[in-house]
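Just so you know, these numbers use all the heavy atoms, side chains as well, and skip hydrogens, waters and symmetry mates. Each chain gets a letter, A, B and so on, in the order its sequence line appears, and its residues count up from 1.
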Amino acid sequence: MKKAAEINEHTPWQELTPGAEIYEPATSKLVNTGDWRTMTPVFLKDKCKQCLLCVPFCPDSSIPVQDGKRGEFDFMHCKGCGICYKVCPFGAIQFKREEK
Amino acid sequence: MAIKDRLSGNEAVATAMRQINPDVMGAFPITPSTEIPQYFSSYVANGLVDTEFVAVESEHSAMSTCIAAEAAGARAITATSSCGMALMWELLYVASSFRLPVTMALVNRALTGPININNDHSDSMGARDSGWIQIYSETNQEAYDNFIQAMPIGENKSVRLPVMVCQDGFITSHAVENMELIEDEKVQEFVGEYEPENYLLKKENPLAVGPYGISAYYMEFKKQQAEAMKQAKKVILEVAEDFEKLTGRKYGFFEEFMMEDAETAVVIIGSSAGTGKAAVDLLRQQGKKAGLIKIRVFRPFPMEELAEALAHVKAVAVMDKAESFSAAGGPLFAETRSALYDLSERPKMINYVYGLGGRDITVEDFDSIYAELSQIAESGETGEVYRHIGQREADETQKAVTYKTYQLENNNWRWQSNGL
Amino acid sequence: MEKNTVEIRWHGRGGQGAKTACLLLADVAFSSGKHVQGFPEYGPERMGAPITAYNRITDKRCTVHSNIYTPDYVIVVDETLLGSVDVTSGLKEDGAIIVNSEKEPAELRRMLGGFKGKVCSIDARRISEETIGRNMPNTPMLAAAVKISKVVEQEQFIRDMESSLRHKFAAKPQVISGNMEALKKSMEEVKVG
Amino acid sequence: MAYNFKKEMEKPERLAGGHRLCAGCGASVAVRGVLRALEPEDRAVVTNATSCLEVSTYLYPYTAYEDSYIHSAFENAAATCGGVETAYRVLKKRGKINENFKFITFGGDGGTYDIGLQSLSGAMERGHDMVYVCYDNEAYMNTGIQRSSATPRFADATTTPVGTRSYGKVQNKKNLTEIVAAHHIPYAAQTTFIGNFKDLHEKAHKAIYTEGPCFLNILSPCPRGWRYNMEDLAEICRLAVDTCVWPLYEIEEGTWKLTYEPKKKIPVEEFLKKQGRFKHMFAKGNEWMIEEAQQYVDDQWEQLLATCQK
C-alpha cells in the first residue's frame with residue numbers, strides 16, 4: 001500500500017488506501033504550512049533565557065525543545081501568528097514582515 | 001447434525017449473534033427489533049457470550065459505537081428498525097465509506113408519517129444508496145442463515161463493506177416457525193475471526209480514520225466503494241456455496257420459484273414471497289404457468305442475472321413494499337425494469353406498491369395479480385403501470401385489480417378486534 | 001393451502017396470556033413433528049385491550065405469511081370479548097369455537113349470532129384457580145384447544161407438556177403438578193355443543 | 001507529582017505541525033496541551049467531532065496525530081470514543097491486545113454544547129473510561145462564526161448579527177461544565193491557556209489518569225471569530241480568567257474547587273474591549289450592555305464561590 005508521501009492528487013483510485021485510512025503517524029509533517037506566513041518570528045538566541053514559555057503556546061508545534069533548550073523555529077510549519085513573540089518575557093523573539 | 005427448533009425471527013437472529021459471540025454490540029430498543037438486544041443482553045447476563053453490550057442512548061450512538069469499535073479492531077453488531085435506522089442515516093454512509101464491515105440486523109418497519117410500528121420496507125429501501133450490502137429474508141430460517149453469512153461476506157478483504165440483514169417486522173420477527181439451527185462451533189468456524197489489516201488499537205502502527213477528503217480524492221474513494229460492491233457479488237455467491245456445504249441450504253442473489261417455463265411472474269422481496277409461492281402452487285395445479293422471483297440480495301443488485309431469469313416471461317409484476325414517491329413506481333420496480341432494458345425482447349411490466357404499514361397481502365391477492373398478468377400477457381396491453389394494491393378506494397370498481405373485498409372487510413374486523 | 005393445514009385464531013386481552021398460549025400451542029405442535037407458525041397481531045395494544053394471535057399447523061412447511069381470515073378454530077380466552085368482537089368472523093362451519101366460560105355451549109351459541117359450527121365451553125378460570133391456585137386461563141385453554149382441534153395427539157401432548165414444564169420449572173415442582181392437573185382436568189371438562 | 005515544566009516541554013510532540021488550522025488558533029494549543037499530559041509509554045486513540053480541528057488535522061492523506069485517530073461525524077464524538085474504549089476492553093479481555101491505551105475526544109462547542117450534547121451525556125452516564133475535551137471557542141467557527149449555546153450574550157455572531165434591532169446574542173452562555181458535572185462523573189474541570197500551562201496540564205493529567213469518564217472544558221480563543229489580533233492569545237486568556245468570565249475550577253468526586261482566584265478581579269470590559277465581536281457594546285448609549293455583562297459575571301462568580309466553599 002502507498003505511503004502518504006507517495007499519495008497525491010494524481011494517484012489513481014486503485015492505489016489510494018481503502019476507506020481513506022492512513023497507517024502512519026503524523027504525516028502532516030510533510031505539509032509545508034510555512035508558506036502561509038506573512039510575518040515571521042525571529043529567534044534571538046542571545047536574549048533567550050530558555051524559560052520555554054513560548055513553547056506550549058505555539059499552535060503549530062514549531063518550537064522544538066531538546067535537552068531543556070529551545071532551538072530555531074521549524075519554519076516549514078510555523079504560520080507566523082506571533083503568539084510566541086507576545087508571550088516572551090525577555091524580548092528574545094522579534095516579529096517581522098516576511099521577506100520572500 | 002442440524003438442531004431442529006422453533007423460534008421467532010428475532011430469537012433466531014439473536015441466536016445467530018450468540019453463536020457468533022461478536023466483540024461489541026451497540027443497540028437501542030425500537031419496535032419490532034427490540035427483542036434482539038433484549039435476548040442478547042440476557043446472553044451477556046448469563047455468560048453465554050463475552051461480548052461487550054453497550055446500551056447506548058440513541059441509534060445514532062449505536063451506529064457510532066459500532067463504527068468506532070469496528071475501526072478499533074473489534075467485530076461489532078447492532079439491531080434496529082424504522083426510525084431507529086433513519087436516525088443512523090448519516091452513519092450508514094460513514095460505515096460504508098470507512099469500509100467497516102459492521103453487521104446490522106434490520107427488522108423492517110414503516111417510517112413515521114403517521115407513526116406505525118408494522119412492516120414495510122421503507123426503512124431499508126430508503127437506505128439503498130448508503131453503500132451497505134442488503135440481504136433480505138423470507139423466513140426466520142433465512143434471517144438466521146443470512147445473518148451467519150453476513151460477516152464472511154462483509155469482512156472479506158476484497159469487500160470490506162457493512163451488511164444489513166433484513167427481515168419483516170412482526171411477520172417473521174415475532175412469529176414462531178420451525179427452523180434448523182447449526183451447532184455453535186460450526187457457526188464459529190464458518191464465521192471465523194475478524195482480522196483487519198489495520199485498526200486503531202494495532203501495536204505496530206497507528207491508524208487514522210475519517211479524514212476530510214477534498215474533491216481531488218473523494219471521487220476515487222467512491223469508485224473504490226463501487227468496485228467493492230461489485231466484488232461483493234462474487235463473494236456473496238462464494239459464501240453461499242460454503243454455506244450450502246455446511247447446511248445443504250442453497251442461497252443466491254434471488255430465489256427462482258417455478259420460473260423455468262413461467263409465462264407470468266412476480267418479483268418480490270421478503271416474507272410475502274412465501275404467500276406468493278402458495279398462490280403459484282395453486283395456479284400450477286390449475287395448469288397455469290406462473291412463477292415467482294424472490295430477491296434476496298438487493299445491494300449489490302443482480303442486474304444481469306435478473307434480466308436473464310425474466311427474459312422468457314411474458315408479463316411481470318414487480319411488488320414494492322415501499323413507496324419512493326417518484327410518481328412512477330417503487331424502488332424494486334425501477335431497478336428491475338432497468339435491468340431488463342438490454343433484453344432484445346422484454347416482458348410487459350407492471351408495478352404494485354403493497355403492504356405499507358403492515359397492510360396484509362393474501363394468497364387471494366396474489367391470485368388477482370396473476371390473473372391480471374395473464375390478461376396483460378394475452379392482450380399485450382399493460383394499462384396503468386404504477387399501481388397500488390390493498391388500499392380502500394372511493395369507487396372500488398375503478399381499481400385495476402378486483403381486490404378481494406373480503407380482506408378489506410376482514411381488515412375492518414381486525415382493527416376492531418385489536419383494540420385499534 | 002395444504003389440505004391438512006389447521007388454522008387457529010386466538011382472542012384475548014392484553015396481559016391475559018393469549019399470545020403465550022398461542023406460542024405454547026406452536027411449541028407442542030412442533031414437538032409432535034408438525035410445522036408451525038405462531039404469531040400475534042401487533043398494534044399499540046396495552047393491558048386489557050383486545051388482541052389476536054394466530055397458529056398455522058401443517059405437515060409440510062407452510063409458506064403463507066398473511067394473517068388468518070378463515071380459521072378452522074377460534075379460541076376466546078376472555079368471554080367478555082363476545083360482546084365487542086365478532087369472534088366467529090370467517091370461522092369455518094365445520095370448525096369450532098372454544099370459549100373460556102362457565103356457561104353451557106347452548107347459551108354461548110345464542111350469543112354468537114348464528115354461528116352453525118361446534119361451540120365449546122371450558123371454565124378455565126375455575127380450573128386454573130383450583131389447580132394452579134390463581135386465574136391463569138392459559139393452560140386449560142391450551143388443553144381444550146388440543147382436545148378439540150386434535151392438532152396434536154392427546155397422550156403425546158400430555159407427555160410433551162410434562163417434560164417441557166419439568167425443564168422450565170425444575171425448581172418449582174408444585175407448579176408442574178398444578179399445571180399438569182389443569183391440563184387433564186380441562187380435557188375432561190371441555191363441553192362440546 | 002509536581003509539575004515539571006521543562007521536562008514536560010521536552011516530551012515528544014503528539015500533534016505535529018503541518019495541520020491546516022488558522023495561524024494563531026487556540027484549538028491546536030488545547031490539543032497539544034492535553035496530549036502532552038499523556039505519559040510517553042501510553043498510547044492513545046484520539047476521537048474528534050467534525051470541527052475546524054477535524055478538517056484541519058486530518059486532511060487526507062495528512063494526519064497531524066502521532067496516535068491513532070478517528071473522526072466519524074459531528075454529533076457523535078463521545079459515542080465514538082466510547083465505542084473505541086469498549087472495543088479496547090473486549091479485545092484486552094479476549095487477549096488480543098496487550099498495550100495500554102488512553103481515549104481522548106476533542107469536540108468544539110458546537111459538537112459539545114449543542115449537537116453532540118446527547119451523545120456526550122450518554123457516554124458520561126455509561127461510564128466509559130475516557131476523557132472528553134471541549135475546546136470552547138464560543139461559536140460555530142467551522143461554518144463561519146454562527147452562534148452556539150456557548151456564545152456569550154451580546155456577542156456579534158453571523159446568526160446573531162448586531163443590527164438596528166439587535167444587540168447581538170440575546171442569551172447568556174450555557175454552563176456546560178456544570179451540566180456535565182451533574183452526571184456525577186469522577187472528574188470535570190474548566191481551564192484555559194495561562195502562564196506555564198500548569199493548570200491545564202494538571203487537569204488534563206488528572207482527567208486522563210482518573211478511571212471513568214472525565215471532562216475538560218478548555219476556553220480556546222479564535223482570533224477570527226472573536227476578532228482580536230492573533231498574537232494576543234495569551235493576553236485574551238489571561239483577561240478571561242482575571243475578569244472571572246472564565247473561572248478555573250475542577251470538580252473531583254463531587255467536590256468543587258477553584259484552582260485559580262484572581263488577586264484582583266478586573267472589570268469585564270477589559271476582556272470585551274479587546275474583541276471585535278463586542279465592539280458595539282462600547283458605542284455611546286450601550287453602556288447598559290457592559291453593565292449587564294458585568295452583573296452576569298459577578299452573579300456567576302458569587303455562585304461559584306459559594307459552591308466551592310461548601
Side-chain angles (χ1 to χ4, degrees), chain B residues 21-26 28 50-76 88-91 93-95 97-98 100 102 193-195 198-214 216-218 220-221, chain D residues 14 20 43-48 50 54-94 96-101 103 105 115-116 118-126 128:
Chain B
N21 192 12
D23 296 307
V24 174
M25 181 180 203
F28 187 80
D50 59 354
T51 307
E52 288 288 329
F53 178 80
V54 190
V56 283
E57 84 295 337
S58 72
E59 287 88 354
H60 196 279
S61 287
M63 187 45 65
S64 303
T65 300
C66 288
I67 287 169
E70 197 87 27
R75 184 179 261 157
M88 291 178 179
W89 211 264
E90 66 163 337
L91 281 320
Y93 285 76
V94 171
S97 63
F98 287 11
L100 295 171
V102 174
E193 291 279 312
Y194 178 46
E195 281 163 349
N198 287 288
Y199 49 101
L200 297 170
L201 301 172
K202 193 178 171 188
K203 186 180 178 181
E204 293 77 14
N205 56 276
L207 172 67
V209 175
Y212 183 66
I214 59 170
Y217 295 110
Y218 186 87
E220 280 68 22
F221 290 123
Chain D
R14 290 195 180 226
R20 320 288 181 103
R43 303 178 59 183
V45 177
V46 174
T47 313
N48 206 176
T50 308
E54 180 266 320
V55 300
S56 306
T57 55
Y58 185 19
L59 187 104
Y60 187 82
Y62 307 115
T63 170
Y65 300 89
E66 293 284 347
D67 294 285
S68 277
Y69 171 90
I70 179 169
H71 151 261
S72 85
F74 190 5
E75 66 281 50
N76 67 346
T80 302
C81 193
V84 178
E85 185 263 355
T86 304
Y88 171 70
R89 271 187 285 124
V90 69
L91 294 180
K92 241 189 169 176
K93 177 171 77 182
R94 291 180 166 186
K96 290 188 175 173
I97 50 170
N98 299 310
E99 296 70 35
N100 282 331
F101 278 88
F103 304 97
T105 311
I115 199 169
Q118 172 183 310
S119 163
L120 171 63
S121 175
M124 296 290 111
E125 186 269 337
R126 288 191 298 275
H128 296 286

For [X], is it the side chain, the backbone, both, or neither that has a heavy atom closer than 4.5 Å to a heavy atom of chain B?
X	result
D/T63	side chain
D/Q118	both
D/E66	backbone
D/V55	both
D/I97	side chain
D/I70	both
D/Y88	both

Please answer whether the main-chain N or O of [Y] pairs with a side-chain N or O of [X] as donor and acceptor at a distance below 3.5 Å.
X	Y	result
D/K93	B/E52	no
D/R43	B/K202	yes
D/Y60	B/Y217	no

Best-contacting candidate, B/A76, B/A62, B/A55, B/A71, against chain D by heavy atom pairs under 4.5 angstrom: B/A55

Check each atom of B/E195 against the heavy atoms of chain D and say whether the ones under 4.5 Å are side chain, backbone, both or neither. neither

Check ion pair D/R94-B/D23 (N to O, under 4.0 angstrom): yes

